[in-house]
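The chains referred to below are lettered A, B, ... by the order of the sequence lines, with proteins before strands, and numbering in each begins at 1.
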Amino acid sequence: MAQEDIFKKLVAHCKEYGYVFQSSEIYDGLGAVYDYGQNGVELKNNIKKYWWDSMVRLNENIVGIDSAIFMHPTIWKASGHVDAFNDPLIDNKDSKKRYRADVLIEDQLAKFEEKMNKEVEKAKKRFGDSFDEQQFRETNPRIIANQEKWNKLHVRFAKALNDSDLAELKQIIEDQEIACPISGSRNWTDVRQFNLMFATEMGSTAEGASKIFLRPETAQGIFVNYLNVQKTGRMKIPFGIAQIGKAFRNEIVARQFIFRMREFEQMEMQFFVKPGTELDWFDKWKNTRIKWHKSLGFGDDNYRFHEHEKLAHYANAAVDVEFKFPFGFKEVEGIHSRTDFDLSQHQEYSGKKIQYYDPELGESYVPYVVETSIGVDRMFLQVISASYQEEEIESSNGKKDTRIVLKLPPILAPVKLAVMPLVKKDGLPEKAREIIDELKFDFNCQYDEKDSIGKRYRRQDAIGTPFCVTIDHQTMEDQTVTIRYRDTMEQDRVAIADLRSIISEQISYKQLFANLK
RNA sequence: GCGGGAGUAGCUCAGUGGUAGAGCAUCAGCUUCCCAAGCUGAGGGCCGUGGGUUCGAUCCCCAUUUCCCGCUCCA
């Protein structure tokens with residue numbers, strides 16, 4: 001079956017079995033926003049717990065925080081988001097290509113510079129060593145003409161950008177007769193602003209209200225709390241701060257189900273290190289994180305690293321962990337060496353000294369940061385797409401049958417255990433309830449007595465329940481039940497008293513965590 | 001955002017210018033059978049939304065919204 005078909009079925013399955021619903025569906029939905037259903041929320045919580053425990057519980061030198069979504073607006077100036085997330089865009093109607101309007105105009109400025117430089121080059125060849133470039137630039141008529149054009153355009157462009165005057169940017173592009181490099185045409189749409197940060201107002205009166213942003217990443221909440229945590233937690237470098245929380249980006253194109261959403265959740269850990277050691281720590285975390293992914297057993301071949309060639313303004317090394325989704329290898333997690341960019345910026349903008357006194361060195365420094373940042377929703381999609389299987393099996397009447405099963409890692413499964421009476425009489429239902437009452441404090445249990453036992457097993461397969469316990473007449477005599485395993489469909493007869501330890505062992509972190517060290 | 005396709009029951013889909021159907025699913029009862037399809041019955045849809053044409057629109061036209069594919073974008 002084609003991968004796209006599997007993806008479609010997966011999306012349908014997520015809805016049908018209470019994993020993921022489209023947001024506001026009864027009102028026609030809201031673009032690229034999704035809700036998690038009764039099973040989805042359990043899976044998502046389990047994913048978050050698995051990450052959190054592997055960070056905070058497993059590492060003495062990593063602690064967690066939970067910072068607010070609203071933050072002081074200056075934070076986003078310091079972080080660079082206000083500038084980087086505000087792009088005036090324009091489309092060429094013929095080539096259907098989209099450009100940043102400011103980049104088009106900057107290219108035009110560069111063309112003038114190029115022309116001037118060419119004149120200088122020519123003159124250099126002609127006059128040799130005795131050539132005075134400064135004087136030449138001031139006197140050559142062609143350079144003067146170009147310089148004038150450049151100056152005029154630059155002033156106009158800077159003003160338009162400063163005023164966020166989109167119509168003026170469009171007018172500049174028209175006046176400069178800038179053409180699309182692909183189609184060569186000057187058939188442009190209007191310039192539109194795509195502000196990737198959501199804004200709202202804080203303060204209830206119009207005059208007193210100030211514009212604030214919904215955070216586009218959780219990392220800044222960690223950076224601005226660096227001093228608080230380091231001091232109150234008596235943290236010594238190297239140490240990390242972990243956080244799970246929502247972030248918001250007004251994506252131009254948000255698609256592929258929950259892969260790219262406008263409201264999403266991140267699990268981030270910022271690791272503070274001594275300057276100069278950051279690349280060693282970068283390698284260490286790269287290694288640790290890929291082990292974490294592989295520990296879930298979805299197949300090592302389904303992961304790869306993608307090294308960034310073009311680095312962001314703050315980074316000196318960056319790598320993505322990519323997973324093979326039904327629509328191809330895509331980023332799940334990013335590991336970035338962010339240098340001291342963020343803390344230095346906050347130091348500058350806030351005026352507070354954000355440094356660490358290193359007793360070994362006997363001096364203070366702004367720590368360097370290695371970040372691991374994973375999208376919860378992408379992780380969710382990874383887990384569920386890797387787990388979704390359609391199996392051809394032989395039915396009892398000899399016919400071929402398709403069994404749809406979510407082979408979720410038991411530790412992540414929403415429901416760990418279904419307890420069902422083989423028939424709903426002779427005291428079997430009561431016995432089943434008794435077992436659930438005993439085990440529900442340890443595991444998420446589900447009771448089902450409707451339909452044939454085979455049908456009930458299939459229902460549990462569809463939501464990924466790893467264990468089904470069935471009460472039959474023998475149970476009433478000797479206190480044993482059958483336990484049926486989701487993946488193999490095999491059954492064992494075991495004592496009721498042993499159920500807790502059997503299941504506990506299968507959903508223990510211990511083995512998974514052993515692989516992380 | 002641009003181009004293309006689609007939107008009918010929880011799911012998969014029929015259907016017609018005269019105010020809607022099937023299979024599966026759901027629920028109740030019977031059946032008691034350890035791997036989904038036994039019997040009986042029930043609930044559920046202003047046919048994505050708004051406007052237009054028409055005596056009358058789920059169907060034709062326009063707009064809009066959502067989803068899918070491609071492009072584009074992506075610290």
### Query
Between B:U31 and A:K424, is there an OP1 or OP2 to side-chain N/O distance shorter than 4.0 Å?
no
### Message
Assuming nearest nucleotide by heavy-atom distance, tell me which of A:E217 and A:E16 is located more 5' along RNA chain B.
### Response
A:E16
### Message
Whole angstroms only, please: what is the CD1-C1' distance between A:I258 and B:C67?
### Response
16 Å
### Query
What interatomic distance, in whole Å, is found between P of B:A22 and the corresponding atom of B:G15?
15 Å
### Query
A:R459 CZ to B:A37 P: how many Å, rounded?
10 Å
### Task
To the nearest Å, give me how far apart CE (A:M489) and P (B:C34) are.
15 Å
### Query
Will you find, in the side chains of A:S501 and A:D498, an N or O donor that is under 3.5 Å from an N or O acceptor?
no
### Task
Look at the side chain of A:R403 against the base of B:C35 and say whether a donor-acceptor pair falls under 3.5 Å; ignore hydrogens and angles.
no
### Message
Counting only side-chain heavy atoms from C-beta out, which of B:A25, B:C34, B:C35 sits nearest to A:K455?
### Response
B:A25
### Query
B:A9 and B:G48: how far apart are their C1' atoms, nearest whole angstrom?
14 Å
### Query
Of all the nucleotides listed (B:U26, B:C34, B:U32), which has the minimum atom distance to the side chain of A:D451?
B:U26
#### Entry: Length of the line joining A:R262:CZ and B:G1:P, which is rounded to integer Å
8 Å
### Message
Determine whether A:M379 and A:K44 satisfy the following criterion, side chain to side chain contact (heavy atoms under 4.5 Å, CB included), listing intermediate values before the conclusion.
### Response
CA-CA 9 Å; A:M379 190 61 205; A:K44 196 179 176 195; over 6 Å; no
### Query
For A:R215 and A:S67, does a side-chain donor sit closer than 3.5 Å to a side-chain acceptor?
yes
### Task
Would you classify A:T482 as touching base, sugar-phosphate or nothing, given that sugar-phosphate means primed atoms plus P, OP1 and OP2, and contacts are heavy atoms under 4.0 Å?
base
### Query
Looking only at N and O atoms, is any donor in the side chain of A:D461 or the base of B:C35 less than 3.5 Å from an acceptor on the other one?
no
### Task
Identify whether the distance between the nearest side-chain nitrogen and carboxylate oxygen of A:R484 and A:D461 falls below 4.0 Å.
yes
### Inter-nucleotide C1' distance (B:G45, B:C11), Å rounded
14 Å
#### Entry: Same-atom distance (C1') from B:G21 to B:C30, integer angstrom
28 Å
### Task
Establish, with yes or no, whether the OP1 or OP2 oxygen of B:C67 is under 4.0 angstrom from a side-chain nitrogen or oxygen of A:Q22.
yes
### Message
Please confirm whether the shortest side-chain N or O distance from A:S452 to OP1 or OP2 of B:A37 is below 4.0 Å.
### Response
yes
### Message
Quick check for you: among B:C34, B:A36, B:G10, whose closest atom lies nearest to any side-chain atom of A:Y457?
### Response
B:C34
### Flag for A:E333-A:Y303: side-chain donor and acceptor within less than 3.5 Å
no
### Message
Let's see if you can work this out: which of B:C67, B:U32, B:C34 has an atom nearest to the side-chain heavy atoms of A:V423?
### Response
B:U32
### Message
Measuring only the C1' atom in each nucleotide, how far is B:G18 from B:G56? A whole number of Å is fine.
### Response
7 Å
### Query
Between B:C61 and B:C69, how far is it from one P atom to the other, in whole Å?
26 Å
### Summary
Rounded to whole Å, OH of A:Y17 lies from C1' of B:U26 at a distance of 12 Å
#### Entry: Pairwise P distance for B:U31 and B:C39, with rounding to whole Å
15 Å
### Query
Checking all strands, does A:D426 fall into the base, sugar-phosphate, or nothing category for heavy-atom contacts under 4.0 angstrom?
nothing
#### Entry: Residues A:Q506 and A:Y485: side-chain donor-acceptor under 3.5 angstrom
no
#### Entry: Distance-only polar pair, side chains of A:T218 and A:E268, donor-acceptor under 3.5 Å
yes
#### Entry: Interatomic distance where NZ belongs to A:K9 and P belongs to B:G10 [whole Å]
21 Å
### Task
Mind calculating the distance between CG (A:N250) and C1' (B:C74) to the nearest angstrom?
13 Å
### Task
For nucleotides B:U53 and B:C62, find the distance between their C1' atoms and express it as a whole number of Å.
11 Å
### Query
B:C74, B:C34, B:U32: which one has an atom nearest the side-chain heavy atoms of A:R260?
B:C74
### Task
Would you please say whether a donor-acceptor pair under 3.5 Å links the side chains of A:Y36 and A:D377?
yes
### Nucleotide B:A28, atom C1' - distance to NZ of A:K450 in whole Å
7 Å
#### Entry: Ionic contact status for A:E434 with A:K431, cut-off 4.0 Å
yes
### Message
Just to be sure I understand: a Watson-Crick pair is purine N1 to pyrimidine N3 plus N6-O4 or O6-N4, both under 3.5 Å. Using that and G-U wobbles, which stems of three or more pairs involve RNA chain B?
### Response
B:1-7 with B:65-71, B:10-13 with B:21-24, B:26-30 with B:38-42, B:48-52 with B:60-64
